[in-house]
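Accompanying notes for the structure given below.
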Amino acid sequence: MNAPNLEYAELAPLLTVFGAAVIGVLIEAFAPRRVRHPVQVALALLALLAALVQVILLAGTEVVGAVGAVVIDGPALFLQGTILVMSIISIAFFAERRLESGGDAFAPSASTLPGGEEEKVLVRQKRLQTEVYPLTMFAITGMLLFPAANDLLVMFVALEVLSLPLYLLCGMARRRRLLSQEAALKYFLLGAFSSAIFLFGAAFVYGFAGTLRFSEISEALTAQIGQEELLLTGVGLMAVGLLFKVGAVPFHSWTPDVYQGAPTPVTGFMAACTKIAAFGAMVRLFYVAFGGLRTDWQPMLWAVAIATMAVGAIVGLTQTDIKRMLAYSSIAHAGFVLTALVAADETATAAILFYLATYGFATVGAFAVVTLVRDSGGEATHLAKWTGLGKRAPILAGTFALFLLAFAGIPMTSGFVGKLAVFTAAVDGGATPLVVIGVVASAVAAFYYVRVIVLMFFSEPAAESPSIAVPSVWTTVGITLGAAATLLLGLVPGPLLDLAQAAATFVR
């Protein structure tokens, strides 16, 4: 038997991030505790920057590598580059230490009893939990592999590699630890079920096609070898697993609880990067492997998109917690992306790529702002605490208002161009009724974005106003990058749109 031939140059971004994760584990085992934090932060940022440079150098590459299991093409490289940019900003937020009087957003030890004496001792010692960095690097490795998977088994492995660290990270909040642990448990249990359903669906598809490779599954569809019931069952089950990851209705119930309970830097990282990776995997699976079945799966996605936009827009109106409101906002945005997904062509692919990039910048920036509004219990996430914020911290409130306007799709922001792109792709693909529903849902959702802006700028400050934490350079740079990208991509979207269009062709 000949040894498999691996394309190390094309797989370099994946290998770089994975190698940094492994080195991070060794640092945790052998490095003195006092040097772990700066070393882990430096290692993570250097590895992510190196991987981003490698992705840029691979631009234009079209290779099916790793014995056919991984494909490096335009969509994969665009999504990997986007994930790496969002991850660099997220790591900067993870490294923020001024928010907790010398600590960070994470519990000093995840294994200690919340409120116990051991935890109090560690808090007084200002112990930092640096395990979060290798965990995050493992999650990023899975995210980079997920949209590049060309094989059902590799896709499942990527799904688990990105999910398992996130389950742990969600339970590590320094404040409100019981809520954080509850969120982690819910995410783990529901995520385990969704992964099992995905794997069960992959088994049905393998039973139909006799192969796990996307291109060969597509060929089996063309051959019409029978057993369509087996195939459709598999497609439906795999869709459940992927729709869970993007937070689409009716598989969204974990989203508000996890977004609220997880450490806010983790919430921002998860909201941006997981959605980018999951939609990338979904687009490749449905367009490349199941493209010949589009008349069968399109009605399902129509129903899911309508329900997702409606629930995200309407239920978001009732939320009084800023993180839960942003969670329902993310659900609505998943519905907007699904409107383009049903079009199933290169125009739709380009629109989805552009939308995911614009949404990612606004999302990580918005959650970073949330970390700076604080009271005695930690982050002040109740909307009542945000009244009058614009009068006490106009720059911070103005930046958050910019992100909210982008979510609402207001012109001059990246969100407007993103929505215009996905809705145009949906109209061109014959999904005009979906676009009408999407526009109505956008108008409804705009109400709760504008409500927050009114609270910040047109209401008197609360009697017990929260404090505004002074961010370090980490958070300042991250928020600035998010705001600049949100504004710039709204004013000059052409270069990124052209890049997305050039990267919209899948290698089959």
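- Side-chain contact between F251 and K245: absent, with no pair of heavy atoms (C-beta onward) separated by less than 4.5 Å.
- Between F18 and M137 there is no side-chain heavy-atom pair separated by less than 4.5 Å.
- Ring planes of W254 and Y187: parallel class, angle under 30° (limits at 30 and 60°).
- When each of Y355, Y359, Y328 is tested with H333 by the rule side-chain hydrogen bond (donor to acceptor under 3.5 Å, both in side chains), just one qualifies, namely Y355.
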- Applying side chain to side chain contact (heavy atoms under 4.5 Å, CB included), run through F336 and M309 and close with a yes or a no. CA-CA 7 Å; F336 300 144; M309 290 186 290; 3.5 Å; yes
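- Under the 3.5 Å distance criterion, the side-chain polar atoms of T264 are left unmatched by any main-chain donor or acceptor of T371.
- Between the side chains of E96 and S472, at least one donor-acceptor pair of N or O atoms lies under 3.5 Å.
- The line from CG of L402 to CD1 of I410 is 11.5 Å long, rounded to the nearest 0.5 Å.
- For the atom pair T486 OG1 and L405 CG, the distance stands at 10.5 Å (nearest 0.5 Å).
- For the residue pair A248 and L338, the shortest heavy atom distance occurs at CB-CD1, 4.2 Å.
- Note: W474 and F94 fail the aromatic proximity criterion, with ring centroids not under 6.0 Å apart.
- Within the 4.5 Å cutoff, side-chain heavy atoms of M282 are placed close to those of L341.
- Between Y449 and F407, the ring planes lie tilted relative to each other; the angle falls in the 30° to 60° range.
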- Checking side chain to side chain contact (heavy atoms under 4.5 Å, CB included) for the pair T363/S330: CA distance, chi angles, key distance, verdict? CA-CA 9 Å; T363 299; S330 78; over 6 Å; no
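- Of all heavy-atom pairs spanning K275 and A271, the tightest one is CB-O, 3.4 Å.
- A donor-acceptor distance shorter than 3.5 angstrom exists from the side chain of S442 to the backbone of G438, with no hydrogens or angles considered.
- Within 6.0 Å of OH on Y167 lie more than 12 heavy atoms contributed by other residues, nucleotides or ligands.
- More than 12 heavy atoms of other residues, nucleotides or ligands shown are found within 6.0 angstrom of CZ on F457.
- Atom CD1 of I395 has 12 or fewer neighbouring heavy atoms from other residues, nucleotides or ligands inside a 6.0 Å radius.
- No donor-acceptor pair closer than 3.5 Å links the side chain of R176 to the backbone N or O of A173.
- Two residues are said to be in side-chain contact when any heavy atoms from C-beta on lie closer than 4.5 Å; V364 and F269 fail this criterion.
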- Message: One pair to check against side chain to side chain contact (heavy atoms under 4.5 Å, CB included): V370 and F400. What are the steps and the verdict?
- Response: CA-CA 9 Å; V370 172; F400 192 67; 4.2 Å; yes
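- In this structure, S195 and F244 have side chains that are not in contact, with every pair of non-hydrogen atoms separated by 4.5 Å or more.
- Remark: the backbone N or O of V161 is not paired with any side-chain donor or acceptor of T141 at under 3.5 angstrom.
- Residues P147 and P75 fail the side-chain proximity criterion, which asks for heavy atoms closer than 4.5 Å.
- T381 and D321 get closest at one heavy-atom pair: OG1-OD2, 2.6 Å.
- Panel note: side chain R324, backbone Y259; no donor-acceptor pair is recorded below 3.5 Å.
- Put simply, CG on L199 and CD on E160 are 8.5 Å apart, with the number rounded to the nearest 0.5 Å.
- With 3.5 Å as the limit, one finds a donor-acceptor pair spanning the side chains of T16 and Q54.
- T274 approaches M143 most closely through the heavy-atom pair OG1-CE, 3.4 Å.
- Of the possible donor and acceptor atoms, one in the side chain of Q40 sits under 3.5 Å from a partner among the backbone N and O of G24.
- Among all heavy-atom pairs drawn from P263 and C170, the shortest one is CD-O, 3.5 Å.
- Side-chain contact between E131 and V25: absent, with no pair of heavy atoms (C-beta onward) separated by less than 4.5 Å.
- With hydrogens and angles ignored, the 3.5 Å screen pairs no side-chain donor or acceptor of S329 with any backbone N or O of M325.
- Scanning all heavy atoms of the two residues, the minimum distance from T82 to A357 falls at CG2-CA, 3.8 Å.
- Residues E460 and T387 fail the side-chain proximity criterion, which asks for heavy atoms closer than 4.5 Å.
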